[in-house]
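Here the structure is laid out as structure tokens; the discussion comes afterwards.
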Amino acid sequence: MPGRVTGPWTREAVLALPEDLHDRIELIEGALVTSPSPGVPHQRASRRLAALLDVAVEAAAAPVEVLEAVNVVVPDGLLIPDIAVVDADAAAEAGLTVDAHDVLVVVEIASPSTRVTDRKMKPALYAAAGIPHYWRLELEPAPRLYLGHLERGTYTDRLVQAGETTCLDQPFPLDFDPARLVRR
């Protein structure tokens with residue numbers, strides 16, 4: 001479970017902290033939430049999914065950019081999704097953060113230390129920020145991808161199991177099997 005450090009902390013104070021290569025530091029309602037750096041299976045899946053998203057974005061000529069582990073400003077703090085698909089113009093102008101209203105998709109890859117946060121807390125925060133798509137990849141016991149689409153303030157999920165293909169049209173065409181993210 002990620003650690004919580006009470007505050008109140010501000011976005012400015014968090015962004016002023018030195019870069020930490022071992023922990024992710026997020027801000028939720030004035031409290032710091034830390035989680036350890038992701039393990040190899042998590043990093044492998046993240047990199048492969050980001051590469052697949054890049055190819056799909058390029059093929060569709062979509063005006064977005066795929067970013068990994070970027071600071072996203074939400075109403076209740078500062079979150080760091082594993083992957084974010086961001087408006088290309090906003091990404092070109094971004095510094096330390098991107099605003100939630102410029103984000104089309106966030107992807108979280110559930111790790112043992114973040115599983116509860118990724119299933120409960122983050123979807124609510126991303127939905128409150130108005131991010132249209134929240135995808136959660138779970139690696140154990142087998143890869144499965146929950147594709148959430150924002151409807152009336154909450155995400156409606158569609159589950160894609162290993163051995164199935166996603167077949168998405170929005171926010172850009174994308175077809176792949178979640179099993180491709182964990183093996184060659």
Side-chain angles (χ1 to χ4, degrees), residues 1-5 14-15 17-28 31-59 64-72 74 77-86 91 94 96-98 103-126 131 133-148 155 157-168 171-172 174-184:
M1 181 86 142
R4 278 181 77 95
V5 179
V14 173
L15 293 171
L17 291 171
E19 190 171 318
D20 188 333
L21 301 177
H22 303 290
D23 292 313
R24 287 195 181 178
I25 301 172
E26 297 176 297
L27 177 66
I28 300 173
L32 294 185
V33 178
T34 63
S35 57
S37 293
V40 172
H42 180 129
Q43 290 183 39
R44 179 184 301 120
S46 181
R47 181 65 204 119
R48 288 179 181 170
L49 181 54
L52 287 170
L53 292 171
D54 275 332
V55 169
V57 163
E58 187 72 26
V64 297
E65 188 169 345
V66 178
L67 303 172
E68 293 184 80
V70 65
N71 293 303
V72 176
V74 297
L78 186 68
L79 301 176
I80 305 173
D82 291 299
I83 300 170
V85 179
V86 180
L96 289 175
T97 65
V98 295
V103 178
L104 282 77
V105 180
V106 289
V107 181
E108 295 289 356
I109 300 170
S111 296
S113 66
T114 65
R115 192 167 281 128
V116 172
T117 303
D118 293 341
R119 286 181 182 166
K120 304 289 182 197
M121 187 181 304
K122 285 191 172 184
L125 294 169
Y126 289 135
I131 296 175
H133 301 273
Y134 174 71
W135 300 352
R136 186 179 76 250
L137 177 64
E138 296 200 1
L139 301 176
E140 297 296 331
R144 59 199 178 285
L145 182 62
Y146 294 85
L147 300 167
Y155 291 107
D157 287 340
R158 179 168 66 95
L159 174 60
V160 181
Q161 302 272 10
E164 298 177 355
T165 302
T166 58
C167 300
L168 292 177
F172 41 80
L174 177 66
D175 298 319
F176 76 96
D177 175 350
R180 288 183 51 198
L181 302 175
V182 297
R183 64 176 189 251
R184 291 229 173 257

Subject >> All ring pair (Phe, Tyr, Trp, His ring centres under 6.0 Å) counterparts of His133, not counting sequence neighbours >> reply: His149

Subject >> Residues forming a ring pair (Phe, Tyr, Trp, His ring centres under 6.0 Å) with Tyr126, sequence neighbours excluded >> reply: Tyr134

Atom of [X], atom of [Y] and distance for their closest heavy-atom approach:
X	Y	result
Leu96	Asn71	O-ND2, 2.9 Å
Leu145	Pro178	CB-CG, 4.1 Å
Gly163	Ala179	N-CB, 4.4 Å
Ala56	Leu174	CB-CD1, 3.8 Å
Leu52	Arg180	CD2-NH2, 3.4 Å

[X]: what forms a side chain to side chain contact (heavy atoms under 4.5 Å, CB included) with it, not counting sequence neighbours?
X	value
Ser37	none
Glu68	Ser46, Arg47, Ala50, Ile83
Ala69	Arg24, Ile80
Ala94	Val98

[Y] and [X], any side-chain heavy atoms less than 4.5 Å apart:
X	Y	result
Glu26	Lys122	yes
Glu108	Thr117	no
Leu181	Phe176	yes
Trp135	Leu168	yes
Pro171	Val105	yes
Tyr155	Ile131	yes

Original post:
Is the number of heavy atoms from other residues, nucleotides or ligands within 6.0 Å of CD (Glu58) greater than 12?
Top reply: no

Look only at the side chain of [X] and the backbone of [Y], and say whether a donor-acceptor pair between them is shorter than 3.5 Å.
X	Y	answer
Asp157	Tyr146	no
Asp177	Ala162	no
Thr34	Ile25	no
Asp175	Thr166	no

**OP:** Output the distance between atom CG (Leu53) and atom CG (Leu67), rounded to the nearest 0.5 Å.
**Re:**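 Leu53 atom CG to Leu67 atom CG measures 11.0 Å (nearest 0.5 Å).
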
Subject >> Separation between CG of Asp82 and OG of Ser111, rounded to the nearest 0.5 Å >> reply: 7.0 Å

Got a sec, which residues hit salt bridge (Lys or Arg N to Asp or Glu O under 4.0 Å) with [X], two or more places apart in sequence or on another chain?
X	value
Glu138	Arg119, Arg136, Arg144
Arg158	none
Glu140	none

**OP:** Check the pair Leu27 / Leu32 against side-chain contact (heavy atoms from CB on, under 4.5 Å), numbers first and verdict last.
**Re:** CA-CA 5 Å; Leu27 177 66; Leu32 294 185; 4.3 Å; yes

